[in-house]
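Read the structure below first, then the notes.
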Amino acid sequence: MSAVWVENEPAVSNDKALKIERETHKLEKRLCRNVGQAIMDYNMIEEGDRVMVCMSGGKDSYGMLDILMKLKARAPIDFTLVAVNLDQKQPGFPDHILPEYLKNLGIEFHIETQDTYSIVKDKVPEGKTMCSLCSRLRRGILYSVARQLKCNKLALGHHRDDMLQTFFLNMFFGGKLKGMPPKLTSDNGEFIVIRPMAYVVEKDLIRWAEHKAFPIIPCTLCGSQENLQRKQIGNLLREWDKKFPGRLETMFTALQNVVPSHLMDAKLHDFKHLKATGVPDENGDLAFDEEELPAAPALPGGVQVVTL
């Protein structure tokens, strides 16, 4: 059997190499399709926009920039991408990696250097997590940079799994049905914040980062404690995904199909003044009916799986 050789790697058969190439091409198409669909569904990018792509050095922001650049090359509208990284002077931060990478891409970029690390270390007691204060400082600086660079939109690299995690974090630990929207205004009302990878699953980003060999910068440089609550939710979602394929897709779809009258928030639905009108209402309560759930095709042996 003929084989192709990769430097410092064992021989790979031609058939296997072709299969890998096909799968990689399918992955690229899926990523572009998912991002393009999210942009269209939520009108994230418009003619003349100047989009600040926030780069952290992690797989998600690398993947976002890569996909946005591909879509820009074929988009029917004209818009500008500006890659921005905030160097917070964390100990050991390799400040040469992103500038070199972005320069080689030929994209407009800006590296903002602000020593927020020293501020956070001074304000946060030893042993406490630094994430909250750090994120507030980072947000204010990025708004300032966006203003300076005349960007009207900020693109963040959160993906579908991040959005599901945030929803369950708020429900389990914050007592709120609140998620991470794909598009919203900044808290100062000055910019539009977008998440173009809202439909992208993390597993695809991991595979794409490996294929592209992005120069990943580790996220543990500051030495702060890991967000244990987010880790718990992440582990829970991964377990569900493994045991019940399709469950995460169903839950994510649910975030886009909200029925306020069937929840309990009186600010969203006027329960107090509700009156019987005699007019049929498709959202009316079927009080005595068992709600039917979609059933998956029967498996061999008469076993049937219901997607919850």
Side-chain angles (χ1 to χ4, degrees), residues 34 37-46 49 54 129 131-140 142-143 146 152-202 227-234 236-237 240 246-294 307-308:
N34 287 342
Q37 190 64 52
I39 290 173
M40 286 193 298
D41 286 351
Y42 296 97
N43 195 28
M44 292 186 186
I45 299 178
E46 301 170 272
D49 278 346
C54 299
T129 57
C131 300
S132 179
L133 176 58
C134 183
S135 63
R136 289 199 302 273
L137 292 171
R138 183 170 63 246
R139 183 168 65 246
L142 289 176
Y143 288 171
N152 63 317
K153 289 182 178 174
L154 284 69
L156 303 180
H158 299 114
H159 46 71
R160 184 206 69 176
D161 299 59
D162 289 326
M163 298 171 88
L164 281 172
Q165 280 187 25
T166 300
F167 174 78
F168 283 103
L169 274 169
N170 282 315
M171 183 167 63
F172 291 166
F173 301 106
K176 294 180 181 179
L177 283 181
K178 176 184 176 183
M180 181 184 280
K183 179 182 178 182
L184 74 165
T185 57
S186 58
D187 58 0
N188 66 357
E190 188 175 356
F191 309 102
I192 295 293
V193 178
I194 60 175
R195 294 182 170 93
M197 298 200 299
Y199 295 166
V200 174
V201 299
E202 186 174 25
N227 186 326
L228 296 181
Q229 292 175 340
R230 183 170 287 277
K231 183 178 180 181
Q232 288 175 25
I233 298 299
L236 175 65
L237 292 179
W240 278 350
R247 175 172 287 188
L248 298 194
E249 285 76 9
T250 303
M251 291 191 299
F252 188 73
T253 300
L255 294 180
Q256 303 166 71
N257 288 286
V258 178
V259 185
S261 63
H262 284 47
L263 295 174
M264 298 177 63
D265 192 337
K267 298 186 295 296
L268 296 180
H269 190 72
D270 190 4
F271 293 100
K272 285 186 177 180
H273 301 98
L274 197 63
K275 304 291 184 184
T277 64
V279 178
D281 182 356
E282 64 178 9
N283 286 323
D285 190 20
L286 303 175
F288 302 101
D289 292 0
E290 282 289 335
E291 186 170 355
E292 292 187 13
L293 296 173
T307 303
L308 300 178

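Panel note: side chain N170, backbone K176; no donor-acceptor pair is recorded below 3.5 Å. Checked by atom type and distance alone, the side chain of S186 pairs as donor or acceptor with a backbone atom of E190 at under 3.5 Å. For D49 (side chain) and E46 (main-chain N/O), a donor-acceptor pair under 3.5 Å exists by modelled atom type.
Contact of the K183 side chain with the N43 side chain is registered, since non-hydrogen atoms from C-beta on lie closer than 4.5 Å. With contacts defined as side-chain heavy-atom distances shorter than 4.5 Å, the pair E249/R160 qualifies. At least one side-chain heavy atom of L156 sits under 4.5 Å from a side-chain heavy atom of V193. At a threshold of 4.5 Å between non-hydrogen side-chain atoms, the residues C54 and L142 count as touching. Two residues are said to be in side-chain contact when any heavy atoms from C-beta on lie closer than 4.5 Å; L263 and V258 meet this criterion. Residues T166 and R230 are in side-chain contact: their nearest non-hydrogen atoms beyond the backbone lie under 4.5 Å apart. Between I194 and L184 the shortest side-chain heavy-atom distance does not fall below 4.5 Å.
The heavy-atom pair separating F271 from P260 by the smallest distance is CZ-O, 4.2 Å. Contact record, M251 with L248: CE-CD2, 3.1 Å, taken as the closest heavy-atom pair. What you find for H159 and V200 is that their closest heavy atoms are CB-O, 3.2 Å.
Note on ring orientation: taking the six-membered ring where Trp is involved, the planes of F168 and F172 are tilted (angle from 30° to 60°).
For A198, the side chain to side chain contact (heavy atoms under 4.5 Å, CB included) test picks out M163, P182, with sequence neighbours left out.
Ion pairing between a basic and an acidic side chain is recognised when a charged N comes within 4.0 Å of a carboxylate O; D187 and R139 show such pairing.
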